[in-house]
Every structure is written in structure tokens, then in C-alpha cells.
Amino acid sequence: MVSIKKYSKKDFEGLRKAGKIAAHILDYITPYVQAGITTQELDQLCDDEIKKCGAVSACLGYNGYPKSTCISLNHVVCHGIPSERKLVKGDILNIDITVIYNGWYGDTSRMYIVEKASPKAIELINVTYNSMMAAIDIVRPGVRLGDIGYTIQSYVEGKKFSVVRDYCGHGTGRIFHDEPAVLHFGRPNTGAELEPGYVFTIEPMINVGGYKTKLMPDGWTAITADHSLSAQFEHTIGVTEEGHEIFTLSPMGLSVPIQ
Ligand code: MF3
Ligand code: CO
Ligand code: CO
């Protein structure tokens with residue numbers, strides 16, 4: 001029996017604050033994403049700013065995770081561990097921030113480009129962003145989880161990219177990863193019906209090549225099995241009577257890198 005929590009209007013106020021801080025961190029780090037900086041320097045800058053905002057990283061220490069952010073470069077699908085790797089021109093990367101503020105979680109990620117990416121990489125990033133937004137657009141009471149997955153999968157496969165199956169979105173709120181699992185592929189008119197008060201992430205991971213992933217020996221870093229490029233975006237959203245609210249919108253309007 002899947003039990004999905006319903007959060008109140010008052011709870012949404014807490015989620016709004018946590019989501020805004022997480023999105024602010026992604027805005028804050030944007031000018032630092034340049035050739036020559038290491039991903040652990042980016043991680044440290046994010047962690048300092050998270051603390052300045054009165055929040056803490058939900059990732060640090062989560063199931064033994066060693067850093068405050070996830071930074072996933074090029075063929076890394078998700079959960080890349082910040083390291084001494086320096087960014088170089090042409091890299092594409094996802095930075096994923098989850099904060100806890102007053103007990104509320106805000107979970108969001110975006111793509112960044114180091115100077116200039118290939119046309120294929122730019123297309124991948126745009127398709128990934130559009131797939132997330134198309135799915136968010138349909139969210140309202142009565143829509144089913146399978147409709148979300150189908151919206152993403154049909155759009156992405158129409159563009160000849162593939163949807164990662166091994167990782168999914170998730171309920172969140174006062175718990176990092178909660179019910180329901182929000183798959184980014186699926187069939188219309190299947191799965192749980194959305195109700196006002198549900199809070200979850202939509203965070204599609206999209207590959208240029210096949211959908212299969214491989215876990216690295218560090219136990220966290222997931223890469224594409226065929227080493228093709230991968231992209232991801234993530235928002236935390238709440239279902240309202242009228243539709244939905246995105247808690248993690250960029251305060252500076254920096255939702256997707258433009259080139
Ligand atoms: N933020 C990731 C998500 O979107 C989870 C990261 S867990 C960590 O669900 F431990 F790797 F940080
Ligand atoms: Co998430
Ligand atoms: Co995340």
C-alpha cells in the first residue's frame with residue numbers, strides 16, 4: 001500500500017522557503033562555473049552559502065554521502081561526487097542542491113555549460129529542460145503519475161534521446177525521499193491520481209545514447225553505460241486545488257543556460 005502524504009497550506013509556506021533557498025544556491029553558483037575551478041571548490045562555495053541562508057545540506061552524510069552537493073559532468077547521469085576535477089571548456093554539468101530549512105526540504109538541479117558546448121549537448125540540455133517543464137505543466141488534481149512519465153518519455157523519444165530508468169523523482173516534504181516514486185517514463189492513465197497537498201520532485205535524466213546506467217565503484221556516481229552525454233533538471237513542486245506550485249523557481253530567472 002503506497003501512502004502519499006498531504007501537506008497543508010501552512011506546510012506549503014515552509015516548503016516555499018526551503019525551495020527558494022535551494023534555487024538561490026543554484027543562482028549564486030552560476031558565475032563561478034568557469035574553466036579551471038574544481039567541482040569540490042564549487043561544492044564548498046555552495047555549502048558556505050547554504051549555511052549563510054540558515055539552512056543545511058540534506059546530502060552531506062545522507063546514507064554516507066561525503067559532500068554537500070552532487071555535481072555530475074558530461075556522461076555522469078547523477079550523484080557525481082565533487083572532486084579535484086577541474087572544469088574545462090566544453091563541459092556540461094548538473095549541480096543538484098537539496099537543503100533542509102526549518103525541517104523542510106527543497107531539492108532542485110540545473111545544467112551549466114563551461115564556455116561553449118557542442119550543438120548536440122545544447123540540444124540535449126534544452127530537450128531535458130522542456131521535458132521537465134512539459135510534465136510540470138500538466139500537474140493538477142486528477143492527473144495520474146503515469147501521465148507525468150508519459151509526457152516526458154514521449155517528448156524525449158520524439159527527439160531521439162532516451163530516458164534513464166534506474167533513477168526517478170520522489171515525494172518529499174519533511175523527508176528527503178518519500179512515496180511516491182515519480183517515474184520519468186510510463187503510460188497515460190496509469191498510477192496514483194494526484195491530490196491537492198502532494199509534494200514531489202520531477203527530475204528527468206536524459207541521455208544522448210541508450211538509457212542504461214552503470215554505478216561506479218564509489219557506490220554513488222552513476223554514468224551512462226555507453227558513455228554518451230547525459231543531462232538533468234529538477235524542481236520540487238506541490239499539487240494545489242487549481243494546479244501546482246513550483247517551490248524551486250530561480251529567483252534570478254536563470255532556469256536554463258542560454259547559448
Ligand atoms: N538530490 C538528489 C535527488 O534529487 C539526491 C542526492 S542524494 C545524495 O534526489 F546523497 F547523493 F546526495
Ligand atoms: Co530529488
Ligand atoms: Co536533487
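Quick note: numbers below take in every heavy atom, side chains included, and nothing from hydrogens, waters or symmetry partners. From a predicted model like this one, the values you see are computed outputs, not experimental measurements. When a ligand or atom number is given, it counts from 1 through the structure's own listing order.
- Under the 3.5 Å distance criterion, the side-chain polar atoms of Asn126 are matched with a main-chain donor or acceptor of Ile122.
- Less than 6.0 angstrom separates the ring centroid of Tyr62 from the ring centroid of His177.
- Within the 3.5 Å criterion, the main-chain N or O of Gly210 finds a donor-acceptor partner in the side chain of Asp226.
- Asp47 has a carboxylate O that lies under 4.0 Å from a charged side-chain N of Lys51, or vice versa, which qualifies the two as a salt bridge.
- Between Tyr65 and Trp220, the ring planes lie perpendicular to each other; the angle is over 60°, past the 30° to 60° tilted range.
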- Go through Val182 and Cys168 one step at a time and tell me if the side chain to side chain contact (heavy atoms under 4.5 Å, CB included) criterion holds. CA-CA 6 Å; Val182 180; Cys168 58; 5.6 Å; no
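- Cation-pi geometry between Arg174 and Tyr105 is not satisfied (NZ or CZ under 6.0 Å from the ring centre, within 45° of the ring normal).
- Between Phe12 and Phe247, the distance from one ring center to the other falls under 6.0 angstrom.
- Ion pairing of Lys120 with Glu123 is present here, as a side-chain N (NZ or NE/NH1/NH2) and a carboxylate O approach within less than 4.0 Å.
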Between the protein and ligand 1, are there any N or O atom pairs that come within less than 3.5 Å of each other, and if so, what are their names and distances?
| residue | atom | partner | partner atom | Å |
| --- | --- | --- | --- | --- |
| ligand 1 | 1 (N) | Asp96 | OD1 | 3.2 |
| ligand 1 | 1 (N) | Asp96 | OD2 | 3.1 |
| ligand 1 | 1 (N) | Thr98 | OG1 | 3.1 |
| ligand 1 | 1 (N) | Asp107 | OD1 | 3.2 |
| ligand 1 | 4 (O) | Asp96 | OD2 | 3.3 |
| ligand 1 | 4 (O) | Asp107 | OD1 | 3.4 |
| ligand 1 | 4 (O) | Asp107 | OD2 | 3.2 |
| ligand 1 | 4 (O) | Glu203 | OE1 | 2.8 |
| ligand 1 | 4 (O) | Glu203 | OE2 | 3.3 |
| ligand 1 | 4 (O) | Glu234 | OE1 | 2.9 |
| ligand 1 | 4 (O) | Glu234 | OE2 | 3.1 |
| ligand 1 | 9 (O) | Asp107 | OD2 | 3.4 |
| ligand 1 | 9 (O) | His170 | NE2 | 3.1 |
| ligand 1 | 9 (O) | His177 | NE2 | 2.7 |

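- Protein N/O/S atoms closer to the Co ion (ligand 3) than 2.8 Å number 4 in this structure.
- Cation-pi check for Arg165 over Tyr211 is met; the charged atom lies under 6.0 angstrom from the ring centroid and within 45 degrees of its normal.
- The Co ion (ligand 2) lies at 2.8 Å or more from every N, O or S atom belonging to His177.
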